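Notes to accompany the following structure.
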Protein chains: 2
Amino acid sequence: MSGALMITLSDLEVRVVVFTLQNNQLQVLLHPTGSTDQWMLPGCGLLESDNLESAAADCIEGLTGLKEVFLEQLYTYGDPGRNPQGRVVSVVYFALLAAGSLSLERIGQARAAWQPVCDLPALAWDHSEILAYALRRLRYKLEYSAVGFELLPEVFTLSELQHTYEQILGEQLDKRNFRRRILQAGIIEPMTERRSGDGRPAQLYRYRADAVAEVKARRLFP
Amino acid sequence: MSGALMITLSDLEVRVVVFTLQNNQLQVLLHPTGSTDQWMLPGCGLLESDNLESAAADCIEGLTGLKEVFLEQLYTYGDPGRNPQGRVVSVVYFALLAAGSLSLERIGQARAAWQPVCDLPALAWDHSEILAYALRRLRYKLEYSAVGFELLPEVFTLSELQHTYEQILGEQLDKRNFRRRILQAGIIEPMTERRSGDGRPAQLYRYRADAVAEVKARRLFP
DNA sequence: CCAAAAGTGTTCTATGTACACCCATGC
DNA sequence: GCATGGGTGTACATAGAACACTTTTGG
């Protein structure tokens, strides 16, 4: 530390950006602000005994009832003036919920609601900026890690997986290349069951817990 | 926000992990703790008017006299118990200084010192963990962005650039492939001068300010 | 038998990797 | 003239991209 340690009291909070897939659309969990028809990212304060990540996890559990979610620190926002009510430092976490794992009543009790990412309501303060960054991070992570599985139920078909990728990346993917590469990667395994539907029944797969889910980035230089 | 907003007062500080190259070695700026022979990452508190990033920039300017440095938020550490003197939340930034741009006297005045990353002294609290993460981030960023130039002076030779990469990545690179790819990428341009030295004089290059310095990550799936 | 979604291979192109010798200068 | 670091090109292997038809089920 250079010179004296200066300690400043700040309002410190944890906020969460929670994504899930519903109706084949990427959705984010938002909370009404109350006063206007604006919405905000859910969050909470920090108890003495909490670490930052478990505060975020508790917040998500309170809203959804889910304990095991993909959770990762996103960024810390602390500009003075980002909140007109005074200086607030927000440590923001980023979470993914598996489709179909939600207890919707609890969300209703908290008055929080899922909103489609492609058609968002107005957000308070700098929360639009935070959400845009979370979305960039989600897309980016999808490129080099197997984070897409976090949005799917435990058991899924290859078409469902591909639609998830297309939904998040916002582009169409080639079915044959997608299947070949994901099977080559060895990160999913077929189950004995198939799922009947509209056409030919689809093979069900599940994510392999022992999979190595990260891929080396392409280097700019050798 | 779910239910009432809980506000907790915490000690909030900004810390910086500052890297530079000296004697062809990656170095990090550390500060003695005073009591034991342990060292720590430099840092400062947060003034009312500061945003987090400018607090980090001011801290680095105070130690080195440099205003324009590569600076990026690394992570926020806030576990209770990470500092035995009480709950401290540290927003940690990550900085790169160009080799040869340092005013060494100021560092001496603040009793901070450069320490080689390959042979570090003992660090206080969780600062080893923070430094290890910063190093991972540096290596990772090097893979997909042109962050390596931030550690070099404005003008450099291709061999110097290659040595920088080798130093950070910890592996040898092929000279011909390195040169071909970095020239193809179009992110550096030759200058009219050459630099005389021990053998044949080397062409000098500089980084092109208009360069696109990021490369698309390799996807896990198509 | 028809609609609807599942499943399947090959060719071509681009990228990455491995590798060894000559060149220009200072002493 | 020799020691020192600078500079150059080619052949091979791997990975990615483009592309269309057959299969299995339910109604």
Side-chain angles (χ1 to χ4, degrees), chain A residues 23-24 142-146 152-153 155-167 169-206 212 214-222, chain B residues 23-24 142-146 152-153 155-167 169-206 212 214-222:
Chain A
N23 323 320
N24 235 14
L142 204 67
E143 303 248 324
Y144 69 89
S145 77
L152 283 174
V155 164
F156 49 85
T157 68
L158 287 183
S159 295
E160 287 168 346
L161 183 61
Q162 184 177 344
H163 291 146
T164 301
Y165 272 76
E166 289 174 340
Q167 185 62 221
L169 295 174
E171 66 183 287
Q172 298 286 106
L173 302 174
D174 181 87
K175 184 159 66 163
R176 282 167 294 187
N177 292 338
F178 184 84
R179 284 166 187 247
R180 183 168 6 90
R181 286 183 60 188
I182 200 168
L183 292 172
Q184 263 175 12
I187 61 177
I188 58 175
E189 56 189 3
M191 321 227 354
T192 50
E193 303 87 34
R194 288 156 191 280
R195 174 181 299 162
S196 291
D198 236 3
R200 173 174 171 175
Q203 178 67 54
L204 290 173
Y205 289 85
R206 73 175 153 205
V212 177
E214 297 249 332
V215 77
K216 232 182 85 171
R218 172 181 293 154
R219 282 209 194 146
L220 194 48
F221 314 119
Chain B
N23 323 320
N24 236 15
L142 204 67
E143 304 247 323
Y144 69 89
S145 77
L152 284 175
V155 164
F156 50 85
T157 68
L158 287 183
S159 295
E160 288 169 343
L161 183 60
Q162 186 176 344
H163 291 146
T164 302
Y165 272 75
E166 289 174 341
Q167 184 63 221
L169 296 174
E171 65 182 288
Q172 298 287 105
L173 302 174
D174 181 87
K175 184 159 67 163
R176 282 168 295 187
N177 291 338
F178 185 83
R179 284 166 187 248
R180 181 165 10 88
R181 285 183 61 186
I182 199 168
L183 292 172
Q184 264 176 10
I187 61 177
I188 59 175
E189 55 189 4
M191 321 229 351
T192 50
E193 302 88 33
R194 287 156 192 280
R195 174 180 299 162
S196 291
D198 236 3
R200 172 175 171 175
Q203 179 67 55
L204 290 172
Y205 289 85
R206 72 175 153 206
V212 177
E214 298 247 334
V215 76
K216 233 181 85 172
R218 171 180 293 152
R219 283 209 194 149
L220 194 49
F221 313 119

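Keep in mind the model is a prediction, meaning the values are calculated, not measured. The sequence lines fix the lettering, A, B, ..., with proteins before strands; numbering per chain opens at 1.
- Residue Leu158(A) contributes atom CG, which lies 6 Å from atom P of dG7(C) at whole-angstrom precision.
- Between Glu160(B) and Arg195(B) the shortest side-chain heavy-atom distance falls below 4.5 Å.
- The base of dA20(D) lies close enough to the side chain of Arg176(A) for a donor and an acceptor atom to sit less than 3.5 Å apart.
- Taking atom CG of Asp174(A) as the reference point, atom C1' of dC21(D) lies 14 Å away to the nearest angstrom.
- Between Glu193(A) and Arg206(A), none of the side-chain N atoms (NZ, or NE/NH1/NH2) sits under 4.0 Å from a carboxylate O, so this pair counts as no salt bridge.
- Atom-to-atom, CD of Glu171(B) to P of dA18(C) comes out at 11 Å; the value is rounded to the nearest Å.
- Between Tyr205(A) and Thr157(A) there is no side-chain heavy-atom pair separated by less than 4.5 Å.
- Residues Leu158(A) and Ile188(A) form a side-chain contact, since some pair of their non-hydrogen atoms from C-beta on lies under 4.5 Å apart.
- Whole-Å rounding puts the Arg200(B) CZ to dT8(D) P distance at 7 Å.
- Both Asp198(A) and Lys175(A) lie close to DNA chain D; mapped to their nearest nucleotides by heavy-atom distance, the more 5′-ward contact belongs to Lys175(A).
- Remark on DNA chain D: of its neighbouring residues Tyr205(B) and Gly197(A), the 5'-side contact belongs to Tyr205(B), judged by nearest-heavy-atom nucleotide.
- Contact annotation for Thr157(B): no contact, since no heavy-atom pair falls under 4.0 Å across all strands.
- Comparing Ala202(A) and Arg180(A) by the nucleotide of DNA chain C whose heavy atom lies nearest to each, the residue mapping closer to the 5' end is Ala202(A).
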